[in-house]
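Because only heavy atoms are used, hydrogens play no part in the values below, and waters and symmetry mates are left out as well, while side chains stay in. The sequence lines fix the lettering, A, B, ..., with proteins before strands; numbering per chain opens at 1.
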Amino acid sequence: MGLKLFNSLTRKKEDFVPLRDNHVGIYVCGVTVYDYCHVGHGRAAVVFDTVFRYLKHLGYDVLYARNFTDIDDKIIKRAAEEGTPWQEVTRKYIAAFYEDMGKLNIAAPNVEPRATGHIPEMIEMIASLVDQGKAYTSDGDVFYSVTAFPGYGRLSGKNPQELMAGARVDVNEKKRSPLDFALWKKSKPGEPSWDSPWGPGRPGWHIECSAMGRKYLGVTFDIHGGGKDLIFPHHENEIAQSAGCSGQPPVKYWMHNGFVNIDKEKMSKSLGNFFTLRDIYKCHHPEVLRLFLISSHYRSPIDFSEKNLEDAEKVLSRFYEGIDAATRELASQGVIAPAKPERAGGAFMEKFEAAMNDDFNTAVALAHMNEELRALNTWTKAPKSQPSQDVLARLNALKQAGQLLGLFSRSPGEFQAELFELKNRALGLDTKKIEALIEERNAARRGKDWTTADRCRDELAKMGVVIEDTAGGTEWKIK
RNA sequence: GGCACCGUCGCCAAGUGGUAAGGCAGAGGUCUGCAAAAUCUCCAUCGGCGGUUCGACUCCGCCCGGUGCCUCCA
């Protein structure tokens, strides 16, 4: 059974068939670099990173492009606010993007084009549209004439007539129709500008994706992704431009991820209810955030809350601990599990792939992983129940599945240490005191002085420390 | 107002025309001096009302409740 994915254009789940044999071209709208990324940006990045990883896992030769919008009104505005050149604004936030997204274990796309690096390509497309009579110039601006494109509204399910009627669009005398959108914007004095056949200016937002998608992936490519909020007008306009230019549909499958909500409301700048990734990282492990983000289907809205992150942390810790315990048990039998799992098979992998093949159903994939973890734990407690080579294969499969989802990027030890660090930042625990208490308790236990032993444990519990007596000694962690 | 989408156990979250995955929390058991961890068992009839059907939570209609898009937005 092959991959099926939901195509926003047809609103149906479709069999995925690449345009060119084994090659897949995928373009995802990145971010406009004028501020720090929030959880919503994180979700989009995680969703398409997971798609990217999984397509490669299926054996496709994937070419993944994700852009940076590094020139637009918001950037110019931010530069003015910060009193810095606009190039400094984009430099700063691109660096922040890599830092924040890197922690989410987002793999690098094959190409990361920037709008400002592709002005000639955009100008060429705009010129072509003007030549074809599908765009017009107006006082130094160039607009796309939406009425010239018969399929307008198909992706977003909108009717141009109705859009026109209910147009709340700004009144702009330069435009022939309120629905027309800018391909090229005349620059005001002091604003960044590029020379063009229509005078100095800068590109409109939509044209960059059309130009860069075409340049790197071809006139028609396989998958175009982005957040649901980009469907209209951004992607609708992109189709109009690209198809208007070439006469060909630019994209075969459109994929859109759902929003991150806070109390059922969309997380957004204007509502002010957003959390930046770097804020989250102050209290939560990035991989916990990633697990949270893939714990529901990518097209559904997902409610961001402290409780949900805590749940995700418990799940992730359980995975790491189970993998760690199984790995140790195997090692004790002289079986060494490789850190990087090889290509795995087996019943579990088949179920995992079936889930992922069903429009990237990560929630079901995780359910299978939980079941497999339970089986693994059962073995760890009773190692004679299965041959260790079989267990090694199962462990490998579980790790591989997790890594396909961008999880298990650390060793169990690293993960525990990072989690400890994070939690201890708030508690500021006195490690020496904890170890002294544990020693006191163990001394009491040796003397069967259970009252003292329990008192020590209660005291530790009050500090937020949980202890665990194992065969190898007493271990402790922060609750 | 127009167009979409959603409403599944206390919480999170899959799913389906033939009687509901998984996680958290909870109850009980095993293990443990006691715990913790792990494991086992238990724990929902799917917003409401009609209809279609041999059979619906899954299809249709209406109602109630919630959200999104229609302006920049992942």
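- In terms of the ring-ring contact (aromatic ring centres under 6.0 Å, His included) criterion, residue partners of Y253(A) (sequence neighbours excluded) are, by chain and number, F16(A).
- With sequence neighbours excluded, no residue satisfies ring-ring contact (aromatic ring centres under 6.0 Å, His included) with Y298(A).
- Following rounding to the nearest Å, D303(A) (CG) and G66(B) (C1') show an atom-to-atom distance of 12 Å.
- Across all strands shown, the partner of A27(B) is U41(B), judged by Watson-Crick or G-U wobble contacts whose two distances both fall under 3.5 Å.
- Here S268(A) does not reach the OP1 or OP2 of A74(B): none of its side-chain N or O atoms lies under 4.0 Å away.
- Residues satisfying the salt bridge (Lys or Arg N to Asp or Glu O under 4.0 Å) test with D359(A), not counting sequence neighbours, are R299(A).
- Between A38(B), A35(B), G68(B), one nucleotide has an atom nearer to the side chain of D469(A) than all others, and that is A35(B).
- The shortest distance between the side-chain N/O atoms of K264(A) and the OP1/OP2 oxygens of G65(B) is not below 4.0 Å.
- Looking at which nucleotide of RNA chain B each of G157(A) and N377(A) is closest to, the 5′-most match is held by G157(A).
- Among the nucleotides C70(B), A38(B), G68(B), the one closest to any side-chain atom of L163(A) is C70(B).
- The residue H38(A) sits close to a base: some heavy atom pair falls under 4.0 Å.
- Residue-level contact check: K158(A) touches the bases, meaning some heavy atom is under 4.0 Å from a base atom.
- Across all strands shown, U32(B) remains unpaired; no Watson-Crick or G-U wobble contact has both distances below 3.5 Å.
- If you take atom P in C64(B) and the same atom in C24(B), they sit 39 Å apart, rounded to whole Å.
- Using a 4.0 Å heavy-atom cutoff across all strands shown, L230(A) reaches sugar-phosphate atoms only and no base atom.
- Side-chain contact of S409(A) with Q403(A): a donor-acceptor pair under 3.5 Å is absent, judged by distance alone.
- Note on N361(A): every side-chain N or O is 4.0 Å or more away from OP1 and OP2 of A14(B).
- Residue G227(A) is classed as a sugar-phosphate contact, given heavy-atom separations below 4.0 Å to backbone atoms only.
- Taking a pair to require two hydrogen-bonding distances under 3.5 Å in either a Watson-Crick or a G-U wobble arrangement, G68(B) pairs with C3(B).
- F292(A) comes within 4.0 angstrom of nothing in the nucleic acid, heavy atoms only.
- Side-chain N/O atoms of N442(A) and R445(A) include a donor and acceptor closer than 3.5 Å.
- The aromatic ring centres of Y216(A) and H118(A) sit less than 6.0 Å apart.
- A21(B) is unpaired under the criterion used here, namely a Watson-Crick or G-U wobble arrangement in which both key atom distances are under 3.5 Å.
- U67(B) and C59(B) have their P atoms separated by 23 Å, with the value rounded to a whole Å.
- When heavy atoms are screened at a 4.0 angstrom cut-off, N257(A) is found touching base atoms of the nucleic acid.
- Rounded to whole Å, atom P of C69(B) lies 11 Å from atom CD1 of I231(A).
- Among the atoms of the strands shown, only primed sugar atoms or phosphate atoms (P, OP1, OP2) are found under 4.0 Å from some heavy atom of K74(A).
- When each of G2(B), U71(B), C69(B) is scored by its nearest atom to the side-chain atoms of P233(A), the top-ranked nucleotide is U71(B).
- Nearest to the side chain of N308(A), among A37(B), G33(B), C12(B), sits C12(B).
- Looking at residues 437-445 of chain A, you'll see R441(A), R445(A) sit with a heavy atom under 4.0 Å from some atom of RNA chain B.
- Ring-centre distance between F143(A) and F181(A): not below the 6.0 Å cut-off.
- Judged as a ring-ring contact (aromatic ring centres under 6.0 Å, His included), and not counting sequence neighbours, F6(A) has no contacts.
- With C1' as the reference atom, A14(B) and G22(B) are 8 Å apart, rounded to whole Å.
- When both pairing distances are held under 3.5 Å, C57(B) makes no Watson-Crick or G-U pair with any nucleotide shown.
- Protein atom CG of N261(A) is 11 Å distant from nucleotide atom C1' of C6(B), rounded to whole Å.
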Could you list the donor-acceptor pairs under 3.5 angstrom formed by side chains in residues 360-369 of chain A, with sequence neighbours left out?
| from | atom 1 | to | atom 2 | distance (Å) |
| --- | --- | --- | --- | --- |
| N361(A) | OD1 | A363(A) | N | 3.4 |
| N361(A) | OD1 | V364(A) | N | 3.2 |
| T362(A) | OG1 | I294(A) | O | 2.7 |

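- Under the rule for a ring-ring contact (aromatic ring centres under 6.0 Å, His included), the partners of F415(A) that lie at least two apart in sequence or sit in another chain are H285(A), Y320(A).
- Atom C1' of nucleotide U71(B) and atom CG of D229(A) are separated by 12 Å, given to the nearest angstrom.
- Closest heavy-atom contact between N261(A) and P301(A): OD1-CB, 3.5 Å.
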Distances under 3.5 Å between nitrogen or oxygen atoms of protein and nucleotides 19-24 of chain B:
| from | atom 1 | to | atom 2 | distance (Å) |
| --- | --- | --- | --- | --- |
| G22(B) | O2' | N370(A) | ND2 | 3.1 |
| G23(B) | OP1 | R374(A) | NH2 | 3.2 |
| C24(B) | O3' | K314(A) | NZ | 3.4 |
| C24(B) | O2' | D311(A) | OD1 | 3.0 |

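- For D49(A), the salt bridge (Lys or Arg N to Asp or Glu O under 4.0 Å) partners are R53(A), R290(A), not counting sequence neighbours.
- Straight-line distance from the NE2 atom of H235(A) to the C1' atom of A74(B): 10 Å, rounded to whole Å.
- Residue contacts for M267(A): at a heavy-atom cut-off of 4.0 Å it reaches a base atom on one of the strands shown.
- If you check every strand for non-hydrogen atoms under 4.0 Å, S270(A) touches nothing.
- Between F232(A) and R11(A), the residue anchored nearer the 5' end of RNA chain B, judged by the nucleotide with its closest heavy atom, is R11(A).
- Residue-level contact check: V260(A) touches the bases, meaning some heavy atom is under 4.0 Å from a base atom.
- Contacts of G258(A) with the nucleic acid, taken as non-hydrogen atoms under 4.0 Å apart, include base atoms.
- Comparing the same atom, P, in A36(B) and in G47(B) gives a spacing of 37 Å after rounding to whole Å.
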